[in-house]
*Asks:* 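I'd like to ask some things about the structure below.
Residue numbers begin at 1 in each chain, while the letters A, B, ... track the order of the sequences. As the structure is a computational prediction, the values presented were derived from the model and not from experiment. Basis for what follows: all heavy atoms, side chains included, without hydrogens, waters or symmetry-related copies.
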Protein chains: 2
Amino acid sequence: MSEKTVHATVDDVAALAGVSTATVSRCLNAPDRVVPATREKVMEAIRALNYSPNFGARALASRRTGIIGAVIPTLENAVFAHGIDAFERSLSPGKFALLVASCGYDPEREKQQIEALVARGADGLLLVGFDRDPAIYEWLAIRKVPYVLAWACGDSHPYAGFDNVAGMAAMVRMVLDLGHRNVAMISGLTQGNDRARGRLEGARDLLAGEGLAFRGVAEVPYGLESGARAFAELMADRSITAVICGNDVLAAGALRAAHRMGLRVPRDVTITGFDDIDIASITFPELTTVRVPHTRMGEQAAALLQQLIEGKRGESVLLPTEIVARGTHAPPTARRRFAKA
Amino acid sequence: MSEKTVHATVDDVAALAGVSTATVSRCLNAPDRVVPATREKVMEAIRALNYSPNFGARALASRRTGIIGAVIPTLENAVFAHGIDAFERSLSPGKFALLVASCGYDPEREKQQIEALVARGADGLLLVGFDRDPAIYEWLAIRKVPYVLAWACGDSHPYAGFDNVAGMAAMVRMVLDLGHRNVAMISGLTQGNDRARGRLEGARDLLAGEGLAFRGVAEVPYGLESGARAFAELMADRSITAVICGNDVLAAGALRAAHRMGLRVPRDVTITGFDDIDIASITFPELTTVRVPHTRMGEQAAALLQQLIEGKRGESVLLPTEIVARGTHAPPTARRRFAKA
DNA sequence: TTGTACGCGTTATCAA
DNA sequence: TTGATAACGCGTACAA
C-alpha cells in the first residue's frame with residue numbers, strides 16, 4: 001500500500017478516507033446517498049490517490065459499460081459523418097461513449113460488426129436502415145440490447161429517421177410539375193441498402209401514378225465519377241430532359257459530366273440530388289436537392305437510444321425532409337424536348 | 001444450469017464439453033495450446049450454448065479491453081471523417097474496436113475526452129496534432145497509455161502524419177514562381193490548432209525568405225461562408241492577386257465569393273486550398289490545392305498504434321504532401337497587377 | 001495437454 | 001447513513 005503503485009483501488013481510497021469500499025462506490029455512483037461530510041473526505045482521498053475506477057471491474061459488477069455502438073456503412077459518406085458526429089455530441093458526457101464500426105455497405109460485415117460491438121459490451125446500438133436479416137433482430141431481442149435505427153423510418157422498430165420514399169416522391173413530383181416527361185434516374189446500389197431502394201421506388205411509384213415510367217435507370221456505386229459515367233450513358237437517349245439522382249454525390253458527378261458534354265444545366269437538363277450535404281451548395285449551378293436533417297436526426301437518435309437504455313420507453317421520431325430548390329432545375333426546353341437521336 | 005438462461009458462462013461451456021474452464025479459456029485465447037479433439041468439443045459446446053465471453057470479466061482479468069480511443073475536433077470536417085474511417089478499417093478486426101470522441105477544437109474538452117476514454121479502458125489513443133498541455137502527456141506516460149498523433153509531425157512523440165509547414169510553403173513557392181507578389185491568406189483559427197498555425201507560418205516564413213509579407217491575413221472559423229466573407233474583405237485591397245487558404249473549405253468559400261464579386265478565377269485572382277478533399281474537385285474551376293494522404297495516414301496510424309499497444313516499438317511515419325495543380329491558379333494579370341484602389 | 005484455484009476491482013445486498 | 005461480504009465471469013500461475 002505504501003509502494004508507489006500506479007493504480008489506486010477502492011480499497012486504497014476507503015482506507016485513506018477511513019470508510020468502507022461501499023461508501024466509496026456510493027460516492028461515485030449515488031452521491032446523494034452519502035452525507036456531505038463523509039463524501040468530502042472520500043473525494044479528497046480520491047484526488048490524493050489520483051484514483052479512477054477500473055473499467056473492467058465496474059462493467060463486470062454493474063453489468064453495463066456506458067458504451068454505445070454504431071455500425072455505419074462508411075464515414076467517407078458525409079451523410080453518416082455528420083449524423084454520427086451529432087449523435088456522439090448528443091451522448092450524455094461522462095455517461096456514454098461511442099464505439100463506431102463501419103461495414104462498407106456489406107450486410108454480412110454489418111452482422112459481424114454488430115456482434116463485435118455487443119461482445120465488447122455495448123449497452124445499446126445505432127444502426128442504419130431497417131432492412132436486415134431478421135435473425136439479427138431476434139438475436140438483439142434475446143440479448144436484450146436496445147437499438148435505434150436511423151436514416152429511414154418504419155413501424156417495426158424504434159427509429160429516428162426520415163422517409164426516403166416520400167422525400168424522393170416529392171422531388172419527382174416537382175420535376176413533373178415543371179413539365180418534364182422524359183425522366184431518368186441514377187440510383188445508388190440498392191442491394192442491401194433500403195435507403196437507396198426507397199428512393200428509387202419512391203420515384204418510380206410516383207411516375208407510375210402519372211402513367212409514366214423512367215426513360216432509363218442506372219444503378220451505380222457511390223462516387224463522383226460513378227455518377228458522371230452513368231449520366232453520360234443515360235443521356236445517349238436524347239429525349240431525356242431530367243435526371244433524378246439518388247444522392248448529392250451522384251448528382252454532382254452528373255453535373256460534372258453535363259459540363260463536359262457541353263450541356264447547360266438547367267437549360268438543357270434538370271439534375272436533382274438528395275441529402276443536401278455541403279457539396280450541394282458548391283457545385284455550379286448549386287444543386288436542387290432534398291434536404292435531410294442529418295444533424296437533428298443524430299441528436300434525436302442519441303436521445304431516444306439513451307432513453308431505451310435507461311429502461312424508459314421512447315417514441316420514434318420522424319423528421320421531415322424538404323425540397324431545396326436551387327439552380328439545377330427548370331422546365332424542359334424545346335431543344336431537348338424535341339431533340340432527335 | 002438447465003434453466004433457459006440468456007447468458008452462458010465459461011462454467012456452462014466447460015460443463016457441457018466435459019472439460020475445465022481453463023481449457024475453454026484457452027480455446028478462445030490460445031487455440032494452439034489445446035489438442036484439436038478437445039478444442040472441437042469445446043467449440044461445439046460454445047455454439048450450442050450460444051456462448052460469448054463477458055466483456056467486463058475479460059477486461060478485468062486480462063487488464064486490457066481491445067478498445068482504442070480517438071479524440072478528434074469533429075467528424076464534420078471531411079479530413080477527419082476520412083482519416084478516422086481509414087483508421088477504423090485498419091484496426092485488426094476482432095482484436096480492436098474504435099471509441100471516438102469529438103472535442104470541437106477545444107483543448108479543455110479534448111483533455112476531458114482523453115480522460116474519459118482512458119477511464120473507459122482504452123488500450124491506446126489516437127490524437128490530432130502535437131500541441132497540448134504537457135500535463136496530458138505526463139499523465140498518459142504515468143498511466144502507460146500508448147498513443148499516436150496524426151495530421152502533423154514532430155520528433156517529440158510517435159506519429160503518423162505530414163508536414164503542414166512544408167506543405168504550405170511548397171504551395172506559396174509555386175504561387176510566387178507564377179509571378180505573384182501581392183499575396184493574402186485566409187487561415188483557419190490558430191488558437192489551440194497547431195495544424196492551422198503550421199500552415200500559416202509555413203506560408204509566412206516562405207514569403208519572408210523572399211523579402212515579402214502578406215498583404216493581408218484573415219484568421220477565421222472553419223466554414224464555407226466564413227471563407228467567403230474573409231475573401232470579400234481581403235479583396236478590398238485591389239492590389240492582391242493571390243489568396244492562399246488554410247484549407248479547401250475556406251478556399252471553396254473564397255471561390256464562391258469571387259464569383260459573386262464578378263471576379264474570374266484564376267484570371268483575376270489565384271486561390272489555393274489545402275487537403276484535397278472531395279469538394280476540391282467539384283468547385284468551378286477545380287481547386288488547386290495541397291494533397292494530403294488522409295487515408296494512408298489513417299492506415300499507418302492504426303498500424304503504428306497497434307504495434308505500440310502490443311509492446312513492440314514502432315517507427316513514426318511521415319507522409320508526403322503534394323501540390324495538385326488544377327484550375328484556380330495562374331500568373332497575375334495586368335488587370336489586377338496594376339489595379340488601383 | 002489439462003485441471004485446480006485464486007485474483008482481478010467493483011457493485012449490490014443485507015444488516016446494523 | 002454506513003459497513004461487511006458475496007457475487008460478477010474470466011485468465012492464468014501452478015500443479016498434475
Side-chain angles (χ1 to χ4, degrees), chain A residues 1 3 5-43 45-46 49-67 95 118-121 123 143-144, chain B residues 1 3 5-43 45-46 49-67 95 118-121 123 143-144:
Chain A
M1 238 15 78
E3 291 295 350
T5 175
V6 173
H7 295 287
T9 72
V10 265
D11 296 285
D12 300 331
V13 176
L16 181 56
V19 300
S20 74
T21 62
T23 300
V24 175
S25 178
R26 273 191 287 263
C27 283
L28 263 31
N29 304 308
D32 1 290
R33 302 182 65 77
V34 175
V35 166
T38 57
R39 194 197 316 166
E40 198 41 58
K41 271 194 309 185
V42 174
M43 298 315 272
I46 288 181
L49 295 174
N50 212 295
Y51 166 78
S52 116
N54 177 287
F55 177 70
R58 168 174 276 195
L60 176 56
S62 69
R63 315 194 125 284
R64 51 229 185 82
T65 57
I67 286 179
K95 285 180 79 172
V118 172
R120 281 219 158 55
D123 288 342
R143 285 264 192 308
K144 296 202 195 334
Chain B
M1 239 15 80
E3 292 294 353
T5 177
V6 174
H7 295 286
T9 71
V10 265
D11 296 285
D12 300 331
V13 177
L16 181 58
V19 299
S20 73
T21 62
T23 301
V24 175
S25 180
R26 282 190 207 100
C27 283
L28 263 32
N29 304 308
D32 1 290
R33 301 181 65 77
V34 175
V35 167
T38 57
R39 193 197 315 165
E40 197 40 60
K41 271 195 308 186
V42 173
M43 298 315 271
I46 288 180
L49 294 174
N50 212 297
Y51 166 78
S52 114
N54 177 287
F55 176 69
R58 169 176 280 198
L60 178 56
S62 68
R63 314 194 130 284
R64 27 208 246 108
T65 56
I67 286 179
K95 286 180 79 172
V118 172
R120 282 222 157 53
D123 288 342
R143 284 266 191 307
K144 296 203 196 337

*Asks:* Is the phosphate of C/dT11 approached by A/R58 (side-chain N or O, under 4.0 Å from OP1 or OP2)?
*Replies:* yes

*Asks:* Expressed as a whole number of angstroms, how long is the span from A/R64:CZ to C/dT11:C1'?
*Replies:*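 Answer to the nearest Å: 10 Å.
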
*Asks:* For D/dG3, does the base pair up with any side-chain atom of A/R26 as donor and acceptor (N or O, under 3.5 Å, distance only)?
*Replies:* yes

*Asks:* Using a heavy-atom cut-off of under 4.0 Å over every strand shown, decide if A/F55 touches base, sugar-phosphate, or nothing.
*Replies:* nothing

*Asks:* Across the strands shown, which category fits A/V10 at heavy-atom distances under 4.0 angstrom: base, sugar-phosphate, nothing?
*Replies:* base

*Asks:* According to a strict under-4.0 Å criterion, is A/N54 in side-chain N/O contact with OP1 or OP2 of C/dC8?
*Replies:*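 The answer is no; no side-chain N or O of A/N54 sits under 4.0 Å from OP1 or OP2.
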
*Asks:* Do you know which two heavy atoms are closest between A/R58 and A/P53, and how far apart they sit?
*Replies:*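 For A/R58 and A/P53, the tightest heavy-atom pair comes out as NH2-CG, 3.7 Å.
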
*Asks:* Given D/dC8, D/dC10, C/dA12, identify the nucleotide with an atom nearest to the side chain of B/P53.
*Replies:* D/dC10

*Asks:* From CG of B/D12 over to C1' of D/dC8, roughly how many Å is that when rounded to an integer?
*Replies:*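 Taking atom C1' of D/dC8 as the reference, CG of B/D12 is at 14 Å.
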
*Asks:* I'd like to check B/H7 versus B/N54 (side-chain heavy atoms, cut-off strictly below 4.5 Å). Are they in contact?
*Replies:* no

*Asks:* Let me know, please, whether B/R63 or B/T38 comes out on the 5' side of the other along DNA chain C by nearest nucleotide.
*Replies:* B/T38

*Asks:* Picking from C/dA12, C/dT2, D/dG3, which would you name as closest to the side chain of A/S62?
*Replies:*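 So the side chain of A/S62 is nearest to C/dA12.
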
*Asks:* Within the 4.0 Å heavy-atom criterion, would you say A/T23 contacts the bases, only the backbone, or no part of the nucleic acid?
*Replies:*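 Contact class for A/T23: sugar-phosphate only.
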
*Asks:* Could you tell me how far apart B/H7 (NE2) and D/dC10 (P) are, to the nearest whole angstrom?
*Replies:*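 Rounding to the nearest Å, NE2 of B/H7 and P of D/dC10 are 11 Å apart.
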
*Asks:* Take the protein atom CG of A/L28 and the nucleotide atom C1' of C/dA12, then report the distance between them rounded to whole Å.
*Replies:* 15 Å

*Asks:* Calculate, to the nearest 0.5 Å, the distance between atoms CE and OG1 belonging to B/M43 and B/T38 respectively.
*Replies:*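 Atom-to-atom, B/M43:CE and B/T38:OG1 are 11.0 Å apart.
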
*Asks:* Using atom CZ of A/R33 as one end and atom C1' of C/dC14 as the other, report the distance to the nearest whole Å.
*Replies:*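 Checked: the CZ to C1' distance equals 13 Å.
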
*Asks:* Can you check whether A/V10's main-chain N or O pairs, donor with acceptor, with A/T21's side chain at less than 3.5 Å?
*Replies:* no

*Asks:* Taking the side chain from B/N29 and the backbone from B/S25, do they hold a donor-acceptor pair closer than 3.5 Å?
*Replies:* yes

*Asks:* For the side chain of A/A22, counting heavy atoms from C-beta on, which of C/dT4, C/dT10, D/dG3 is nearest?
*Replies:*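 For A/A22, the side-chain atoms sit closest to D/dG3.
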
*Asks:* Given atom CG of A/L60 and atom P of C/dG7, what is their separation to the nearest angstrom?
*Replies:*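 Rounding to the nearest Å, CG of A/L60 and P of C/dG7 are 16 Å apart.
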
*Asks:* Is A/S20 close enough to D/dG3 that one of its side-chain N or O atoms is under 4.0 Å from OP1 or OP2 there?
*Replies:*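 Checking D/dG3 against A/S20, a side-chain N or O does come within under 4.0 Å of OP1 or OP2.
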
*Asks:* Do the side-chain N or O atoms of B/S25 get closer than 4.0 angstrom to the phosphate oxygens (OP1, OP2) of D/dG11?
*Replies:*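 B/S25 to D/dG11 OP1/OP2: side-chain N or O found under 4.0 Å.
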
*Asks:* Counting the atoms with a prime plus P, OP1 and OP2 as sugar-phosphate, which does B/V24 contact under 4.0 Å by heavy atoms, base, sugar-phosphate, or nothing?
*Replies:* nothing

